[in-house]
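First the proteins, then the strands, lettered A, B, ... as listed; each starts at 1. Any value given below was found using the heavy atoms of this structure, including those in side chains, with hydrogens, waters and symmetry copies removed.
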Protein chains: 2
Amino acid sequence: MSKRVTLAEVAARAGVSPITVSRALRRPDTVQAETRARIDAAVAELGYVPDPAARALATGRADVIGVLIPSATNAVFTDVLSGIYDCLAESRFDVQYGITRYESATEEKLLGVFLRQRPAGLIIAGIDQTEAARRLLDRANCPVVQIMETGPDPVDMMVGFSHHDAAAAATRHLIDRGYRRPGFLGARMDPRTRRRFAGFRAEAEAHGVFDPDRVETTDTPSSVGGGAELLRALLARHPETDAVFCNNDDLALGALFEAMRMGVSVPGQLGICGFNDLEMMRAAEPPLTSVRTNRFEMGTRAAEMIRARLEGRATGPALVDLGAQVQERRSTQGPD
Amino acid sequence: MSKRVTLAEVAARAGVSPITVSRALRRPDTVQAETRARIDAAVAELGYVPDPAARALATGRADVIGVLIPSATNAVFTDVLSGIYDCLAESRFDVQYGITRYESATEEKLLGVFLRQRPAGLIIAGIDQTEAARRLLDRANCPVVQIMETGPDPVDMMVGFSHHDAAAAATRHLIDRGYRRPGFLGARMDPRTRRRFAGFRAEAEAHGVFDPDRVETTDTPSSVGGGAELLRALLARHPETDAVFCNNDDLALGALFEAMRMGVSVPGQLGICGFNDLEMMRAAEPPLTSVRTNRFEMGTRAAEMIRARLEGRATGPALVDLGAQVQERRSTQGPD
DNA sequence: TCACGTATTGATAGCGCTGTCATCGTATTC
DNA sequence: GAATACGATGACAGCGCTATCAATACGTGA
């Protein structure tokens, strides 16, 4: 193990005191150019890198940004994570993440784990924190961004979109295309899923085409296989169903395959609309309509908001609505 | 911000010295039961939680396990990550990860970032580290596990499987099923991809069915759309191709959709085999043959190996081969 | 009985860095 | 030219914890 180089050694080499080296590194403008040059040279020669733990102890603040998401395998969250990471990779901040498994208790616990590090910032998915989690966040004493959706009463900042409105738009699209007996497929009804259902329901009711019996859901996590099962079950009960709004793209893909197996033509006998617009939707046959959500950007924006705050730059609005766009494709071209 | 409770306060409350509290927390067996009980009570009453930065500074060792993977969105890595996280969530260790973007330079840089925290352990994807990275790892002075594949000359520990052999097995399966003019589809030829290709090639050559011209690859990251394009290109050049071994499941799915568009029947006119066996493969129509890799377990095993070492337990073998299994499904049932 | 091990607890001194003053020299003002 | 402000640097202490060694009490064997 190569021995650690300390600030003091750099200082000795540069012929200044340790504190001056510290300053030269953190606020270069407060140190004379000439001195700074000597210090920079010493840093380079010795290969000095600061010890994050010592810095955290001395400042009472870790250069860590905590990210709390429900799942590390769901593409929706990994895209966001990727955006966050992208924005932070070149900064002095490290990303640390926690997986809540969609459980409030786990979320609270992880929040505690993060907070005792006194993180520089916190990004948390969703807007449905428990009272206890809310209290922890209020006292976090660092920038906090809630992501994935928008809603009233942000803890601090927010970037997302309205799942209700996005689902309503998708539903309107189905109705516009002439589908009159739409159904709904959903897995694991987390809060966002529920709000999408509410949007579907509101829009369908507004057009007099909502039938509560054409709703097929399950508690298991969503999957392609699950989408197939849900469609099969729905069509068994309601063969008149002429379109399905699927709560996400996995379900939609499964529904497509199941329709193929059952000899149901898409979009003629059945329209299929997904949610999230993963890459595969465009490539499917027929290409699948979906709702594009700007996940990567959601991540970069959230991270950028935190950085701006921490670096004392102008932060822009505290609530960013990234919207969602219905991507119309062949799978919802209208009934025969 | 609720004020931080320190060790000293707990000690005062329990009527002992700070160092005894420290011991009671870290090595309970070295403190008398009665004393320990008083300390535990004080900890609970005050809601004390240790400061990780202070601990790291004092011990010269952070309770952090660093994970280096090429991509945060590729399902293959997120599954592994998930396994790692699962094993570590209940431990005293935090996970911190870095994304190399398949770039050696980034890998080296991130390795440096991790090492200066003096992590408790390191998990790194792949076995193709540069000389410089190798040196850093050799000096890391902590358990290191290379994951995703197995190979000679491990830095320390290893858990994975042979991509060459797995691909060869899949190829053999295609040949066993009667396909005689197999092609290969590949995107972004990273080292594992290359070794899979080598396995395909070796096996096909051994059976006299390899044609270097029936290989279609691209540098872009793999995607469903990309799979479609690759198949289209391959069939345009070599319409006689009767099966494709796809380097991963996204490509396989794209190939399936493209075959549908082109009116090529699967498996009659074209057999399709993927790699990784993502959940969707089973649910497709026809269900797609793939090679099951034990990604989640790879993560848990790697994390467990590190924990065992750190906690002084028996570690088992330093090289674990998890193998890979061809999952035969309808898409490779054989030519007409 | 006495030297000596063992179990338990404590005192001391940092880990590497930064916050908070203090210090010093130079520029500015009238 | 004296008073003042300011820019640049340094001394000192301490962040919260733990490594190391010392101290104490108690039992053990010859």
Select one nucleotide: of C/dT9, C/dG19, C/dA11, the one nearest the side-chain heavy atoms of B/I19. C/dA11

For the residue pair A/Q96 and A/F114, establish whether any side-chain heavy-atom pair is separated by less than 4.5 Å. yes

Ignoring backbone atoms, establish whether B/R26 has a side-chain N or O less than 4.0 Å from OP1 or OP2 of D/dT18. yes

Spacing between B/R36 atom CZ and C/dA7 atom P, to the nearest angstrom: 15 Å

I need the CG-P distance between A/D51 and C/dG14, as an integer number of Å. 18 Å

Could you check whether any side-chain heavy atom of B/H163 comes within less than 4.5 Å of a side-chain heavy atom of B/P191, counting everything from C-beta outward? no

Regarding the side chain of B/Q32, the nearest nucleotide among C/dC15, C/dG16, C/dT9 is C/dT9

Can you tell me if B/S22 touches the phosphate of D/dT18, counting only side-chain N or O atoms and a distance under 4.0 Å to OP1 or OP2? yes

For C/dT9 and B/T35 - does any side-chain N or O of the residue sit under 4.0 Å from the phosphate oxygens OP1/OP2? yes

In this structure, how many angstroms lie between the C1' atom of D/dC17 and the CZ atom of B/R61, rounded? 17 Å

Nearest-Å distance for atom pair CG/P, residues B/L57 and C/dT18: 12 Å

OP1 or OP2 of D/dT18 sitting under 4.0 Å from any side-chain N/O of B/R55? yes

Of A/L7 and B/V16, the one whose closest nucleotide on DNA chain C sits nearer the 5' end is B/V16

B/D63 CG to D/dC17 C1', in whole Å, measures 12 Å

A/K109 and A/E103, any side-chain heavy atoms less than 4.5 Å apart: no

Think A/T20 has a side-chain N or O under 4.0 angstrom from the OP1 or OP2 of D/dT9? no

What nucleotide among D/dA11, C/dC15, C/dT18 has an atom nearest to a side-chain atom of A/S17? D/dA11

Does any N or O in the side chain of B/Y102 come within less than 3.5 Å of the main-chain N or O of B/D190, such that one atom is a donor and the other an acceptor? no

Calculate the interatomic distance between B/R27 atom CZ and D/dA19 atom C1'; express it in whole Å. 12 Å

Atom-to-atom span, CG of B/D29 to C1' of C/dT9 - whole angstrom: 15 Å

Taking the side chain as C-beta and beyond, is there a heavy-atom pair between A/L115 and A/L122 under 4.5 Å? yes

Within the structure shown, what part of the strands sits under 4.0 Å from A/P50 by heavy-atom distance: base, sugar-phosphate, or nothing? sugar-phosphate

When you measure only distances, ignoring hydrogens and angles, does the side chain of A/R23 come within 3.5 Å of the base of C/dG19 through a donor and an acceptor? no

d(CD, B/E9; C1', D/dG16) in whole Å: 11 Å

Does a nitrogen or oxygen in the side chain of B/T30 sit under 4.0 Å from OP1 or OP2 of C/dT8? no

